[in-house]
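Structure first, commentary second.
Sequence positions, counted from 1, serve as the residue numbers for this chain. Both ligands and their constituent atoms are indexed starting at 1 by order of listing.
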Amino acid sequence: MNAITDIARALSTDAGASSIPTSLFGLPEQAPHERVLLAADAQTGLKAILAVHSTARGPAFGGCRLWTYDSELAALNDALRLSQGMSLKNALADLPFGGGKAVIIKPAGDFDRAALFAAFGRAVQSLDGAYITAEDVGTTTADMRGMQGQTSFVSGIPREGAFGGDPSPKTAWGVFVSIRAGVRQVLGRESLEGVRVALQGLGAVGWHLAEFLHQAGAKLLVADIDAAKVARAQERFGAQALAVQDILAADADVLAPNALGAALNAQSIPTLRARLIAGAANNQLATAADGDALQARGITYLPDYLVNAGGIISVAREYRGEGEEAAVMAEVGRIADRVTELLERVKREDSTPARVADAWARAKLVRPA
Ligand code: NAI
């Protein structure tokens, strides 16, 4: 591991080429991160950023992403944004955990996956419990299991006869109940029967969400860069397939972004037709101003970190050895109550969901009593 040379290299090679504003201690609009570890390991090709935003509520808990980035600064930016998002998510979900996140820059070409995650596990262990990891985009339950020999600060591992494993269905359930609560408030409809929902992304979460929505009678419009998933959704749910570039502006009542971040931006917002947005993707708003722009267009945006907390609720319960399927699903279901409360506050305070949720979460960034 050689953190200092990595920082130096990131700044010297990428700073000029990248327009991403960053500082070593966090992004301009953020409270500074408590710790950011740059972990490199020449033997395995590991280059990872472990960002601990806040431990005010407890150890920082958040997934680990394996991704190809345009630059090291882009990876740093992603880690910092995602990790602050975890602080807000864990606080709003009333979990006794702070916020953190890790990104591993995907090595070019062939690499030994087990060795890479073993090296990452050692980096997690070196933080001595300040950060607990789990899966995220690009990582799997098998990767988490493989790390167990290196660190005990890992969750999301399937265990015979015990609660745990893939958090995606729980995330999808939280998004589903949020859509149901949002539809009630915004569209005044008690049921999802016939409600048109556009799904961007049919991955681990998007697929389960499509299943829940289909069972509830919603009409699905779908897009994914993976044509096989779209074909499967057409067959299984009678979904209408849209081109990837058309899904955000689909003629739908609800839009659910379940791919990567920044789907809601200055280009896409003027084209949107849905009245409600609720999806699993982290960091859906490209900038804070985009939350205001949505409100100005009469579109209700349910903040991602409020509605997609089902997965972290699941891995947090698993980590504490408290998990039991029905109880965890019920806890995830309570996200709907927070959505209802949020929308009531928005009306009372004449504000936007993004601003109210942000203030609500920040007020909870203290150790729970
Ligand atoms: P995934 O990688 O399984 O699924 C993402 C899907 O989006 C893939 O099918 C991919 O082909 C598709 N996709 C990528 N770019 C696209 C585009 N431009 N248009 C349409 N489809 C596109 O990831 P997963 O686990 O389903 O997560 C989805 C999002 O939800 C991510 O942003 C993740 O950070 C977030 N999230 C996931 C949680 C979980 O429990 N898995 C928990 C909380 C957030």
Side-chain angles (χ1 to χ4, degrees), residues 61-68 78-79 81-86 88-90 92-93 95 99 101-103 106 133-141 143-144 155-158 164-176 178 198-212 220-233 239 241-250 255-265 267-268 277-286 302-318 328-329 332 335:
F61 208 143
C64 161
R65 178 168 291 194
L66 176 69
W67 198 246
T68 302
D78 207 26
R81 268 169 63 86
L82 288 165
S83 117
Q84 173 177 267
M86 290 310 302
L88 303 181
K89 187 185 306 196
N90 293 343
L92 265 193
L95 294 171
K101 197 93 180 183
V103 307
K106 197 169 184 177
T133 199
E135 55 264 61
D136 189 60
V137 175
T139 58
T140 65
T141 50
D143 298 328
M144 300 306 121
S155 190
I157 300 163
D166 182 9
S168 309
K170 309 295 187 300
T171 304
W173 181 246
V175 177
F176 171 75
S178 298
L199 292 153
Q200 183 196 40
L202 291 167
V205 181
W207 185 264
H208 288 292
L209 177 60
E211 273 180 332
F212 292 136
L220 306 186
L221 297 85
V222 300
D224 196 295
I225 50 176
D226 182 342
K229 290 178 184 167
V230 173
R232 217 150 41 97
L242 266 70
V244 163
Q245 66 274 15
D246 295 335
I247 192 71
L248 295 174
L255 171 64
N258 306 299
L260 291 178
L264 308 174
N265 54 49
Q267 285 72 44
S268 65
I277 301 177
N282 285 309
N283 297 335
Q284 288 169 36
L285 297 176
L302 300 183
D304 42 25
Y305 56 82
L306 169 60
V307 308
N308 72 10
I312 193 73
I313 290 171
S314 174
V315 292
R317 291 288 165 216
E318 174 190 330
V328 172
M329 285 300 266
V332 174
I335 293 174

So Trp173 and Phe212, would you call those rings parallel, tilted or perpendicular, with 30° and 60° as cut-offs?
perpendicular
I'd like to know if the side chain of Asn258 reaches the main chain of Ala280, judged simply by a donor and an acceptor atom lying under 3.5 Å from each other, with no hydrogens or angles considered.
yes
Do the side chain of Ser314 and the main chain of Lys170 share a donor and acceptor less than 3.5 angstrom apart?
no
The criterion is salt bridge (charged side-chain N to carboxylate O under 4.0 Å, His left out); which residues satisfy it with Asp78, sequence neighbours excluded?
Arg65
When you measure from the side chain of Asp304 to the backbone of Asn283, do you find a donor-acceptor pair of N or O atoms at a distance under 3.5 Å?
yes
Atom-level proximity to ligand 1, residues with heavy atom under 4.0 Å
Arg65, Lys89, Asp136, Val137, Pro167, Ser168, Thr171, Gln200, Gly201, Leu202, Gly203, Ala204, Val205, Ala223, Asp224, Ile225, Lys229, Val244, Asn258, Ala259, Ala280, Ala281, Asn282, Asn308
Just checking Lys229: does its NZ atom have more than 12 heavy atoms from other residues, nucleotides or ligands closer to it than 6.0 angstrom?
yes
